[in-house]
Amino acid sequence: MTTTIRRAAALCLILLIALLVNAARVQVLQADRLDDNPANRRPVLARYAAPRGNIVVDGQPVTGSKDTGQLLRYERTYTDGPLYAPVTGYASQTYGTTLLEHTEDALLAGTSPMLSPLPLWSDASRGRQPGGDVVTTIRGAIQQAAYRGLAGRRGAVAAIEPSSGRVLALVSSPSYDPGVLSGTGSQVATAWARLNTAAAKPMLNRAIRQTYPPGSTFKIVTAAAALDAGVVKDVDAPSGTPDPYLLPGTRTVLPNEATGCGDASLAYAIRWSCNTVMARTGVRVGLDGMREAARRFGFNDPDLRIPSRVARSNFDTTMTPDQLALSSIGQYDTTATPLQMAMVAAAVANGGELAHPHLVEATTTASGGVVRRTMRQTYAQAMKPTTARQLRDLMVDVVERGSGSNAGIEGAEVGGKTGTAQHGVGNLGTPYAWFIGWARAEDASRPAVAVAVVVEDASARREDISGGGSAAPVARSVMEAALAAARAGSAGADD
């Protein structure tokens, strides 16, 4: 009898050990595979079982969560959705996440191990903390000024604080309400189809995901390359460039829209945007010098993140001299995002040093504890400080005496560069109007903002499109809002 009991006990022990081994195999070794199994609904149900953390602007959430009472309980909501869509992106139960909702998804959803009070606790417990918050660098008043300035026209605005790299505004127009994509069902599917087939492409983030020929705004990069290389030593000296200019190795003549460009100086060429002088200057710098200068400003960088991915701006690395001439005035294959051109203006405004642009100030727990704070980083020394000082003077001249007069602000020093970028087959498409610039209050030690505006106004007459006429007023509104915000911030600090 005793032997039988012992054998039964041993068998039970073996079965218990086998059960524990199998449980460990399922719960530990196979956990990830089972979690990822499409038939497993538990991760999806858990994901929407609690409110999502918020994205914050000026200390206030611009997102929220709505209790639907359904199986997928909490649905994402947005305050001023179209205004902030280029920043937040969407968080959809049907179509996933984009932009900050995507890059900060683990924190917002409460699955990031950084939210746990104890290291590795979330992995061990397979639990979930309340979703954390993402505090952005966006300033609401500046964002609104950019949005109102575009007034529904196709285009984009990017504004940066030059000294820190903080992205102060990121607007794409026309926009959309990400809240219509939050849930499930036929209404969401209809909204998705409508937005994706709309001719105006409202879901395209033109500020960071669309590249345009930068036109004459790229001449700031060419001027920086020439001054850094010593190709131009005196900005007021005659350039020796004929008007019109015969592109090297071709019979193609490059004309000017401006007058007085024959033998014009670099200063005059920047003030009135002379194609001939700047094209020849780029050829004199040479392909290697122009390519390196463009790289320092951020062109050809496929890995730029803010933390949302930014489309790669392009400056060709192999070109013939005539192609280089056209590229040096922002034509041929040269393309840039509005954020990239704001980086060009920011480098000039910040003494030649380009701070890495960033959109997230900090991430926090639901109770407000700091999880991660974004530290300022240098992206590159885009040009020599002496070159930046000269370019600042040239850009101020553009606003005070040249093509950018519509960007002038009383009581502030404003520098800018206009651009009208041709595109399409035979350059027959409606031109894109550009303006890049920066603004400094008279009593401030450094510029408060650098901005880039592009307007692709298909409804306007071709002859009415210009950087000075279409884009500069938008930039002025954005810079005025940034200067006001800087004054308010300074007053608050004094108090």
Side-chain angles (χ1 to χ4, degrees), residues 86 145-159 169-175 200-201 204-221 255-258 270-275 278 313 326 329-332 334-345 395 398-399 402-409 414-424 426-439 449-480:
Y147 189 77
R148 288 195 304 266
L150 288 173
R153 293 174 295 174
R154 298 187 196 186
V157 177
L170 206 62
V171 169
S172 178
S173 177
S175 189
K201 298 182 179 179
L204 172 64
N205 190 331
R206 290 171 164 88
I208 63 172
R209 296 284 172 83
Q210 177 67 32
T211 60
Y212 302 87
S216 293
T217 59
F218 188 81
K219 292 172 183 175
I220 297 300
V221 177
N256 289 296
E257 301 240 350
I270 293 294
R271 183 190 309 150
W272 295 110
S273 212
C274 296
N275 288 334
M278 301 310 300
S313 298
L326 292 174
I329 59 173
Q331 297 183 22
Y332 188 56
T334 302
T335 58
T337 62
L339 180 70
Q340 171 62 77
M341 295 314 296
M343 291 167 64
V344 170
M395 292 178 76
V398 169
V399 174
S403 60
S405 59
N406 281 337
I409 300 171
V414 178
K417 182 70 191 79
T418 58
T420 306
Q422 311 293 332
H423 72 101
N427 286 335
L428 294 178
T430 303
Y432 300 135
W434 277 94
F435 183 88
I436 65 171
W438 49 268
V449 65
V451 63
V453 177
V454 64
V455 179
E456 36 172 317
D457 191 355
S459 64
R461 295 185 305 168
R462 181 183 177 90
E463 59 269 26
D464 291 339
I465 296 288
S466 70
S470 303
V474 180
R476 182 183 63 234
S477 297
V478 173
M479 292 188 289
E480 286 175 336

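Any value given below was found using the heavy atoms of this structure, including those in side chains, with hydrogens, waters and symmetry copies removed.
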Quiz item: Judged by atom type as modelled, is there a donor-acceptor pair below 3.5 Å linking the side chain of Asn406 to the main-chain atoms of Pro473?
Solution: no
Practice problem: Check whether any side-chain N or O of Asn256 sits under 3.5 Å from a backbone N or O of Asn275 as a donor-acceptor pair, and report yes or no. | Solution: yes
Self-check item: Exercise: identify the closest heavy-atom pair between Ala145 and Ser477
Solution: CB-O, 3.8 Å
Exercise. List the steps and the verdict of side-chain contact (heavy atoms from CB on, under 4.5 Å) for Gln340 and Thr335.
Key: CA-CA 10 Å; Gln340 171 62 77; Thr335 58; over 6 Å; no
Self-check item: Gap between atom CE of Met278 and atom CG of Leu326 - 0.5 Å precision
Solution: 13.5 Å
Quiz item: Say you draw a straight line from OG of Ser173 to CG of Leu204; how long is it, rounded to the nearest 0.5 Å?
Solution: 11.5 Å
Quiz item: Do Arg206 and Glu456 have side chains that get closer than 4.5 Å, going by heavy atoms?
Solution: yes
Quiz prompt | Given Val344, Val454, Thr334, the one that forms side-chain contact (heavy atoms from CB on, under 4.5 Å) with Pro214 | solution = Thr334
Quiz item: Between Val171 and Leu150, which heavy-atom pair has the shortest distance, and what is it?
Solution: CG1-CD1, 3.8 Å
Exercise. Of all the heavy-atom pairs spanning Phe435 and Gly416, show the shortest one and how long it is.
Key: CZ-CA, 3.6 Å
Quiz item: Minimum heavy-atom separation for Pro213 to Ala421, with atom names?
Solution: O-CB, 2.9 Å
Quiz prompt | Stepwise side-chain contact (heavy atoms from CB on, under 4.5 Å) check, Met479 with Ile409 | solution = CA-CA 8 Å; Met479 292 188 289; Ile409 300 171; 3.7 Å; yes
Quiz prompt | Val414 to Ala407 - nearest heavy-atom pair and separation | solution = CG1-O, 3.7 Å
Practice problem: Please tell me if the side chains of Tyr212 and Met341 come closer than 4.5 Å, counting only heavy atoms from C-beta onward. | Solution: no
Practice problem: Measure the OG1-CD1 distance between Thr217 and Ile329 for me, rounded to the nearest 0.5 Å. | Solution: 11.5 Å
Self-check item: Verdict with reasoning, Thr337 to Arg209, per side-chain contact (heavy atoms from CB on, under 4.5 Å)
Solution: CA-CA 7 Å; Thr337 62; Arg209 296 284 172 83; over 6 Å; no
Practice problem: Apply the side chain to side chain donor-acceptor pair (under 3.5 Å) test between Lys417 and each candidate in Ser403, Ser273, Ser216; give the one that qualifies. | Solution: Ser273
Self-check item: For the student: nearest non-hydrogen atoms of Trp434 and Ala452, plus distance
Solution: CZ3-CB, 4.4 Å
